[in-house]
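I have placed the structure first, in the form of structure tokens, so that the comments after it can refer back to it.
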Amino acid sequence: MVANEMHMVIVTGLSGAGKTQAIRALEDLGYFCVDNMPPTLIPRFAELLALSGDGVRQVGLVVDIRGGQFFQDLFEALRYLDLNGYQYEILFLEASDEALIRRFKETRRRHPLSPQGHIMEGIGEERRRLEELRGRADKIIDTSDLSTRQLREQVAELFGAGGREKLVITVLSFGYKYGLPLDADLVVDVRFLPNPHYVESLQGLTGRDVPVADYVLASPVTREFLQRFLDLLGFLIPYYVQEGKSQLVIAIGCTGGQHRSVTLAERVFEALRQYKDCRVTVKHRDISRRAEVE
């Protein structure tokens with residue numbers, strides 16, 4: 001990969017203005033992100049990515065006053081990027097004094113330039129030190145009156161290929177005998193459905209095999225449950241998207257995670273692919289485990 005094939009977004013600005021949320025939004029958009037990167041390392045970091053050939057073409061870096069004396073090297077690093085053809089943009093985040101003071105008090109964190117607790121003095125000094133960098137910024141966002149969701153939406157509109165970031169939905173089948181998925185947002189238990197494990201010809205198959213899927217879906221209870229569950233998801237998902245949720249894990253569990261949950265997860269996955277504001281994947285956590293008893 002050559003230098004001009006990579007796009008770098010350098011996130012900087014005032015402490016408390018929302019840089020952490022901005023870099024998380026970039027990460028959700030598929031950017032390879034590093035927080036608190038010392039500016040002296042940026043040239044070498046850019047070289048390594050350009051030479052790696054691993055397809056990393058979108059990079060997000062947070063560079064701010066936390067770098068201490070290393071922060072002064074940022075302009076030299078930017079000069080290197082310019083001379084060597086690296087494409088980058090500077091996103092500068094700022095907010096009013098009132099908003100910044102309120103945020104520091106709410107989080108009970110000290111301003112990095114006022115370790116003794118004089119927040120206003122630290123804010124003033126930081127504004128002075130960042131004045132030149134602000135003048136070089138390609139994009140400036142004032143976060144004074146923005147919620148976290150609104151900030152993330154603005155970042156997505158500025159740097160996302162399709163504008164607003166998409167909700168990433170993972171439909172996950174699992175077996176209760178192996179424990180609940182720790183990252184699940186919604187969990188549904190389908191152990192009440194007809195169990196293929198007790199049909200000898202189906203025991204060695206999985207829910208992805210047609211005979212098992214036909215057996216599970218032949219039950220009127222299964223069909224009614226599936227329709228009601230999809231109706232519920234149809235109600236919830238647009239509100240998750242509106243709220244700015246970035247990830248949703250829908251976990252569907254049966255006893256062993258090989259038959260019923262797999263069939264249902266595949267059907268839910270197919271149904272949810274219609275949502276344009278979402279990226280949907282399906283995973284089967286326990287499908288390769290040795291089935292003992294369902």
Side-chain angles (χ1 to χ4, degrees), residues 7-29 31 33-46 59-83 86-160 165 244:
H7 178 246
M8 185 180 298
V9 177
I10 299 174
V11 180
T12 188
L14 298 172
S15 301
K19 297 186 294 294
T20 298
Q21 294 302 326
I23 201 69
R24 287 176 180 172
L26 288 175
E27 192 169 30
D28 288 339
L29 291 169
Y31 281 69
C33 296
V34 180
D35 191 9
N36 200 15
M37 166 73 77
T40 52
L41 298 182
I42 291 177
R44 182 59 179 155
F45 179 71
V59 180
L61 304 178
V62 175
V63 179
D64 57 30
I65 209 71
R66 290 174 297 168
Q69 63 182 14
F70 297 108
F71 185 69
Q72 305 305 316
D73 299 320
L74 178 57
F75 290 105
E76 185 62 31
L78 296 179
R79 181 173 177 273
Y80 173 88
L81 296 179
D82 290 331
L83 291 175
Y86 290 95
Q87 303 298 312
Y88 69 89
E89 293 182 85
I90 299 175
L91 170 63
F92 191 95
L93 302 182
E94 62 184 8
S96 66
D97 291 347
E98 293 78 11
L100 294 175
I101 291 173
R102 183 181 69 252
R103 292 169 188 174
F104 274 104
K105 287 185 175 295
E106 288 175 351
T107 59
R108 299 183 179 180
R109 297 183 62 193
R110 294 180 177 180
H111 192 283
L113 295 183
S114 58
Q116 304 305 318
H118 304 296
I119 299 175
M120 193 61 220
E121 293 180 7
I123 293 173
E125 176 63 18
E126 189 174 26
R127 287 192 190 278
R128 184 188 66 78
R129 294 190 188 185
L130 296 180
E131 184 176 1
E132 183 179 357
L133 182 58
R134 185 184 187 279
R136 290 196 54 173
D138 298 283
K139 297 178 174 66
I140 299 174
I141 299 179
D142 186 333
T143 68
S144 301
D145 300 314
L146 297 182
S147 65
T148 297
R149 175 179 60 82
Q150 290 169 330
L151 172 57
R152 291 171 66 92
E153 286 180 354
Q154 286 202 22
V155 172
E157 289 170 2
L158 291 173
F159 301 106
E165 62 182 301

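What you see is a predicted model, and the numbers here were worked out from it, not measured in a lab. Numbers here are sequence positions counted from 1.
Contact check for Leu130 versus Phe92: side-chain heavy atoms found under the 4.5 Å cut-off. Between Arg136 and Phe75, the closest side-chain pair of non-hydrogen atoms falls below 4.5 Å. Val9 is not listed as a side-chain neighbour of Val59, based on a closest heavy-atom distance of 4.5 Å or more.
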Verdict with reasoning, Val62 to Asn36, per side-chain contact (heavy atoms from CB on, under 4.5 Å)
CA-CA 5 Å; Val62 175; Asn36 200 15; 5.7 Å; no
Starting from the C-alpha separation in whole Å, work towards a yes-or-no answer on side-chain contact (heavy atoms from CB on, under 4.5 Å) for Leu91 and Ile140.
CA-CA 6 Å; Leu91 170 63; Ile140 299 174; over 6 Å; no
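A salt bridge does not link Glu27 to Arg24: none of the charged side-chain nitrogens sits closer than 4.0 Å to a carboxylate oxygen. Between Arg102 and Glu98 there is no salt bridge, since no side-chain N of the basic residue sits under 4.0 Å from a carboxylate O of the acidic one. Glu153 has a carboxylate O that lies under 4.0 Å from a charged side-chain N of Arg149, or vice versa, which qualifies the two as a salt bridge. Using a cutoff of 4.0 Å between basic side-chain nitrogens and carboxylate oxygens, Arg128 and Glu125 are scored as salt-bridged.
Within a 6.0 Å radius of CG in Asp145, no more than 12 heavy atoms belonging to other residues, nucleotides or ligands are found. Counting non-hydrogen atoms of neighbouring residues, nucleotides and ligands closer than 6.0 angstrom, the CD atom of Glu106 exceeds 12 such neighbours.
The aromatic rings of Phe104 and His111 lie tilted to each other, with the angle between the two planes from 30° to 60°. Aromatic ring pairs are classed by plane angle as parallel below 30°, tilted from 30° to 60° and perpendicular above 60°; the pair His7 and Phe159 is tilted.
Once rounded to the nearest 0.5 Å, the distance linking OH of Tyr86 with CD1 of Ile42 reads 12.0 Å. From Leu83, atom CG reaches atom CZ of Arg79 across 5.0 Å, with rounding to the nearest 0.5 Å. Taken to the nearest 0.5 Å, the CD atom of Glu76 stands 10.5 Å off from the CG atom of Leu74. In this structure, the separation between CD1 on Ile23 and CG on Leu61 is 7.0 Å, given to the nearest 0.5 Å. Atom CG of Leu100 sits about 13.0 Å away from atom NZ of Lys105, to the nearest 0.5 Å. Interatomic distance, Leu29 CG to Arg152 CZ, rounded to the nearest 0.5 Å: 8.5 Å.
For residues 87-96, the set of pairs meeting the salt bridge (Lys or Arg N to Asp or Glu O under 4.0 Å) definition, not counting sequence neighbours, comprises Glu89-Lys139, Glu94-Arg134.
A donor-acceptor pair under 3.5 Å is formed between the side chain of Ser144 and the backbone N or O of Ser96. Under the 3.5 Å distance criterion, the side-chain polar atoms of Tyr80 are left unmatched by any main-chain donor or acceptor of Arg44.
In terms of heavy atoms, Leu146 sits closest to Gln150 at CA-OE1, 3.4 Å. Listed here is the closest heavy atom pair of Ala46 and Leu81: CB-CD2, 4.1 Å. Between Leu93 and Ala22 the shortest heavy-atom distance is CD1-CB, 3.8 Å.
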Show the atom names and distances, to 0.1 Å, of all donor-acceptor pairs under 3.5 Å that link a side chain in residues 11-20 to residues at least two apart or in another chain.
| residue | atom | partner | partner atom | Å |
| --- | --- | --- | --- | --- |
| Thr12 | OG1 | Val63 | O | 2.6 |
| Ser15 | OG | Glu126 | OE1 | 3.3 |
| Ser15 | OG | Glu126 | OE2 | 2.8 |
| Lys19 | NZ | Leu14 | O | 2.9 |

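In this structure, a donor-acceptor pair under 3.5 Å is absent between the side chains of Asp138 and Tyr88.
Residues satisfying the salt bridge (Lys or Arg N to Asp or Glu O under 4.0 Å) test with Asp97, not counting sequence neighbours, are Arg127.
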